[in-house]
Number of protein chains: 2
Amino acid sequence: MPRTLRADAARNRDRLLAAARELFAEQGVDAPLEEVARRAGVSIGTLYNHFPNRGALLDQVLPERLAELDVLAAAALVDADPWHGFTAFLDGMFAMQARDRAVNEAVTRNPVGAVGVAAECGRAGGVVESIVARARGAGVLRADFGPADLATLIWAMSTVITMSAGDDAVWRRHLGFVLDGLRVR
Amino acid sequence: MPRTLRADAARNRDRLLAAARELFAEQGVDAPLEEVARRAGVSIGTLYNHFPNRGALLDQVLPERLAELDVLAAAALVDADPWHGFTAFLDGMFAMQARDRAVNEAVTRNPVGAVGVAAECGRAGGVVESIVARARGAGVLRADFGPADLATLIWAMSTVITMSAGDDAVWRRHLGFVLDGLRVR
DNA sequence: TAGCAACTTGAGGTCCCCCTCAGGTTCGCG
DNA sequence: CGCGAACCTGAGGGGGACCTCAAGTTGCTA
């Protein structure tokens, strides 16, 4: 096992990651690995040289995206308006799920707050709980809304996002209805 | 092509339908047909003798269940309280989706109101629109809620139902939140 | 620039599901 | 009964995706 990658190997690795990012975003985490190799212009054997299984590939690709959630979550926590912070976080997260089907599936199968596909996911979990708690504490979010309810909301939205096939207006409209039910007047 | 089925053939057909009902309910519309044959105690060839493809099997099994929706819908329309009629219909439909995964998938892929897996589904569609219109007309359902929004709600609930794996309390709780957002106070 | 380790290749084994059809079995009529 | 039509069987061909590995190629170092 060499300390550093040979030049061609490094290039192939990068291409594979780029192809994986693309295809997973389009088709989800179950996209055929042979298609990833094809798009990378590399043989299937090379793919398995670099990544022993699909999980290894996802472990490289998903955290990149999930880290973006951290930014969203941090912004939500310091939002002057706790309700706006809460809704802006949700909107941002769902928008990302709409952009990247792999993220949509990952977040759904493994709701924020539980142990994650990646450690990053778990770290975000704590922050997310704080966002919910802050909105609840400010009296703008119904008092009985807990982390489990957020997970359920994510389940609900994931299919709406998938089925509305690129039309963000559809899931935003539905989210609006739900938030009306969650808000305290 | 005989006018009437031979006794053993009729028996096998019944067994196949029973097995299909069971397995589709458990595993959804993509359940392996070889497993259906196995449960029916019949060879895979016999299954294809009776039903040329998966669709033919579903066409026999799904309408049975979807017809139950008609009963629900009819009851909703004559409910003294339009809001209760609306919510009771939804609760009943989602409860059925929770009981039968094939129904869950069928209703989701092909939302009530559009052309259906079966003609029965289409017939129910009109009634469902009436239920929505009645609740809206009575001023208890928000005025901007249309049939498309119902389809979206069905998408949303289908995953919640699947993920909550038999615990009806989970999806009922979420539905409660959403209905709070849909109701006019 | 020679030579070896590092890397790539793609045919092919495995698995799971689809569906078919030639040959054997059973029903039920006459 | 006995015979023909109706029916059943399950091995097997086809396809898609997974993953492996022996043989060939290429980058890099000395």
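Below, chains carry the letters A, B, ... as their sequence lines are ordered, and counting in each starts from 1. From a predicted model like this one, the values you see are computed outputs, not experimental measurements.
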* To do: Starting from P on dA11(C), measure out to CG on Leu47(A) and report it in whole angstrom.
  => 17 Å
* If you look only at pairs with a residue in residues 20-38 of chain B, which of them pass as a side-chain hydrogen bond (donor to acceptor under 3.5 Å, both in side chains), with sequence neighbours excluded? -> Arg21(B)-Glu64(B), Glu22(B)-Arg39(B), Glu26(B)-Arg39(B), Asp30(B)-Arg109(B), Glu35(B)-Arg38(B), Glu35(B)-Arg39(B)
* Distance, nearest 0.5 Å, that separates CG of Leu23(A) from CG of Leu16(A) -> 12.0 Å
* What is the distance, rounded to the nearest whole Å, between atom CZ of Arg13(B) and atom P of dA6(D)? -> 17 Å
* Send over the distance from Asn12(B) CG to dT26(C) C1', rounded to a whole Å. => 11 Å
* Structure fact -> Ranking His50(B) and Glu35(A) by the position along DNA chain D of their nearest nucleotide, the one closer to 5' is His50(B)
* Among residues two or more places apart or on two chains, list those pairs meeting salt bridge (Lys or Arg N to Asp or Glu O under 4.0 Å) that have a residue in residues 78-93 of chain B. => Asp91(B)-Arg172(B)
With the criterion being N/O to N/O and under 3.5 Å, what pairs connect the protein with nucleotides 28-30 of chain C, and how long is each?
unit_1	atom_1	unit_2	atom_2	d
dG28(C)	OP1	Ala7(B)	N	2.9

* Asked: Out of curiosity, Thr152(B) OG1 to Met163(A) CE, how far, rounded to the nearest 0.5 Å?
  -> 10.0 Å
With the criterion being N/O to N/O and under 3.5 Å, what pairs connect the protein with nucleotides 22-24 of chain C, and how long is each?
none

Distances under 3.5 Å only, N/O to N/O: pair up the protein atoms with those of nucleotides 19-24 of chain D.
unit_1	atom_1	unit_2	atom_2	d
dC19(D)	OP2	Tyr48(A)	OH	2.5

* Figure out the CZ/C1' separation between Arg38(B) and dG10(D), and round it to whole Å. => 16 Å
* Asked: Using a cut-off of less than 4.0 Å, is there contact between a side-chain N or O of Thr46(B) and OP1 or OP2 of dT9(D)?
  -> yes
* Could you state the CZ-P distance from Arg15(B) to dC8(D), rounded to the nearest angstrom? -> 11 Å
* Close side-chain approach of Leu141(A) and Val132(A), heavy atoms under 4.5 Å -> yes
* NE2/His174(B) to CG/Leu153(A) distance, rounded to the nearest 0.5 angstrom? -> 5.5 Å
* Arg11(B) CZ - dT26(C) P separation (whole Å) -> 12 Å
* Asked: Can you find a pair of side-chain heavy atoms, one from Leu150(A) and one from Phe145(A), that are under 4.5 Å apart?
  -> yes
* Asked: Is the shortest heavy-atom distance from the side chain of Val170(B) to the side chain of Trp155(A) under 4.5 Å?
  -> yes
* Just how far is it from atom OG1 of Thr87(A) to atom CG of Leu175(A), taken to the nearest 0.5 Å? -> 8.0 Å
* To do: Please list, chain by chain and in numerical order, all residues satisfying side chain to side chain donor-acceptor pair (under 3.5 Å) with Thr162(A), sequence neighbours excluded.
  => Asn104(A)
* Would you say Arg13(A) and Leu5(A) make side-chain contact, with heavy atoms under 4.5 Å? -> yes
